[in-house]
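None of the values given here were measured: they were computed from a predicted structure.
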Amino acid sequence: MILAMPQRLEQIRAEALQQGFPADDVDRWIASAVPRGSLTTGGDGPVVGRFGGTAMVPPGTRVTGNPLIATIDLAALPREATDLPLPSDGQLLLFGYPEGDNHYTQGSALYVPAGVAVEEAPKDEEEEEDEEEDEEFLQVCQDFPQGDIHLTINVSLPLHTPEHLNPELIDHWQSKANTRTEWGDMQIGGYATAVDYGGNDGPLGVVARYAAKAERAGNWHGPSPSPHAEDWVLLAEYLCSSEMRPSGAALYWGIQRDDLAAQRFHGVYAVVDWNP
């Protein structure tokens with residue numbers, strides 16, 4: 001189901017005023033709202049891609065060793081589903097794995113324009129042998145979602161506390177249903193739903209800092225990444241849980257605003273937050 005965002009915001013505003021929050025604080029908070037696309041394996045929303053499956057890429061394209069988590073059909077994704085200026089068609093492939101220390105990116109994104117010839121992504125033989133011998137890796141990947149991606153459009157409001165927002169309003173929003181990505185689901189665009197990760201800058205602050213560290217360590221290719229969270233946006237978030245990772249972990253893919261505007265997805269940086 002696709003929700004009518006203006007109607008939902010009116011409901012949220014009315015609820016907040018009823019709780020006694022000052023109207024100026026509520027209106028300032030509501031003004032920060034953006035849409036987010038909730039991506040799940042179930043539901044009655046339209047199909048906008050597929051979880052898992054085979055990565056289909058242009059010939060000669062080498063992808064990272066991380067597994068494919070989702071392929072999003074951008075032509076099927078309504079423009080109002082997200083605040084991001086995504087391409088109007090083509091496929092967006094999201095790769096990642098909930099492991100590592102974030103000094104290297106823990107995921108990547110690949111944009112395949114519509115009409116481009118594709119083939120099954122080749123695998124590095126040595127990487128493939130290592131994966132086949134790693135039982136934990138295989139189990140975690142087996143627990144990744146599989147099948148059609150269904151879309152629901154939800155309201156996204158910041159879960160962190162910028163100085164211009166009332167922190168009590170943030171607490172109120174956190175207590176409401178449908179404000180966070182559920183375990184095993186993904187979201188595209190919007191605000192990250194982590195509450196305590198990254199301080200006031202949230203996960204994008206972590207992305208920016210580690211991307212800058214990766215450049216200094218020689219693990220970054222391309223123009224210098226900005227170390228400032230405000231120069232990045234959340235491309236996607238995935239909350240994963242498995243038998244091997246029962247406490248769960250969150251993957252956040254960040255992209256710089258300039259890169260997204262230019263449809264340059266090679267500069268995506270992903271970080272992992274472990275649930276303690």
Side-chain angles (χ1 to χ4, degrees), residues 37-42 47-74 77 90-112 118-150 181-188 192 203 207 210-211 214 219 221 234-255 265-275:
S38 297
L39 308 178
T40 65
T41 55
V47 174
V48 296
R50 180 174 178 80
F51 284 116
T54 300
M56 302 301 292
V57 303
T61 302
R62 188 182 185 283
V63 298
T64 65
N66 289 318
L68 174 67
I69 294 180
T71 300
I72 300 171
D73 180 359
L74 296 176
L77 190 73
Q91 308 283 317
L92 181 63
L93 282 63
L94 294 170
F95 301 85
Y97 185 74
E99 186 64 85
D101 62 3
N102 294 330
H103 286 89
Y104 294 85
T105 181
Q106 302 304 307
S108 61
L110 176 67
Y111 171 57
V112 181
V118 293
E119 63 182 17
E120 185 174 342
K123 273 212 168 188
D124 181 281
E125 290 185 5
E126 185 174 339
E127 283 184 356
E128 193 167 16
E129 288 177 3
D130 289 343
E131 291 173 5
E132 289 175 352
E133 295 174 0
D134 189 336
E135 292 184 7
E136 183 174 313
F137 177 88
L138 293 174
Q139 180 62 58
V140 171
C141 291
Q142 183 178 320
D143 291 333
F144 284 167
Q146 302 287 325
D148 289 342
I149 295 175
H150 293 265
T181 303
E182 298 295 328
W183 291 109
D185 293 342
M186 177 177 277
Q187 80 172 50
I188 185 165
V207 166
Y210 274 105
N219 300 324
H221 305 287
L234 181 73
L235 179 61
E237 170 184 296
Y238 169 55
L239 299 188
C240 50
S241 181
S242 73
E243 291 182 11
M244 302 299 293
R245 297 282 189 272
S247 58
L251 266 168
Y252 304 98
W253 290 261
I255 185 170
F265 289 89
H266 60 273
V268 164
Y269 200 92
V271 296
V272 175
D273 176 31
W274 286 102
N275 192 36

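Within the 4.5 Å cutoff, no side-chain heavy atoms of L77 are placed close to those of L92. Looking only at side-chain heavy atoms (C-beta outward), M186 and I188 stay at 4.5 Å or farther from each other. Counting heavy atoms from C-beta outward, L94 and L251 have side chains that stay 4.5 Å or more apart. Residues V48 and H150 form no side-chain contact, since every pair of their non-hydrogen atoms from C-beta on lies 4.5 Å or further apart. By the 4.5 Å heavy-atom criterion applied to side chains, L74 and I72 are counted as neighbours. A 4.5 Å side-chain heavy-atom check between Q91 and Y111 finds every atom pair outside the cut-off. No side-chain heavy atom of T61 sits less than 4.5 Å from a side-chain heavy atom of V112. In this structure the side chain of F144 reaches within 4.5 angstrom of the side chain of P98, judged on heavy atoms.
Listed here is the closest heavy atom pair of V63 and A121: CG2-CB, 4.1 Å. Between P145 and F51, the shortest heavy-atom distance links the atoms O-CB, 3.3 Å. Nearest approach of E237 to Y252, heavy atoms of both residues: OE1-CE2, 3.1 Å. Nearest approach of A250 to L239, heavy atoms of both residues: CB-CD2, 3.2 Å. Taking both residues in full, the closest heavy atoms of Q146 and T41 are given as O-CG2, 4.0 Å, listed atom of the first, atom of the second, then distance. Closest approach of V271 and P203 over heavy atoms only: CG2-O, 4.5 Å.
With rounding to the nearest 0.5 angstrom, the CG atom of L93 is 11.5 Å from the CD1 atom of I69. One finds the OH atom of Y238 at 8.5 Å from the CG atom of D185 (value rounded to the nearest 0.5 Å). Atom CG in N66 sits 13.5 Å away from atom OH in Y104 (nearest 0.5 Å). For the atom pair CG (D148) and CG (L39), the distance works out to 12.5 Å, reported to the nearest 0.5 Å.
Side chain of T105 to main chain of A270: a donor-acceptor pair is present (N/O by atom type, distance under 3.5 Å, no hydrogens or angles). Side-chain atoms of W253 come within 3.5 Å of backbone atoms of F95 as a donor-acceptor pair (strictly under, hydrogens ignored).
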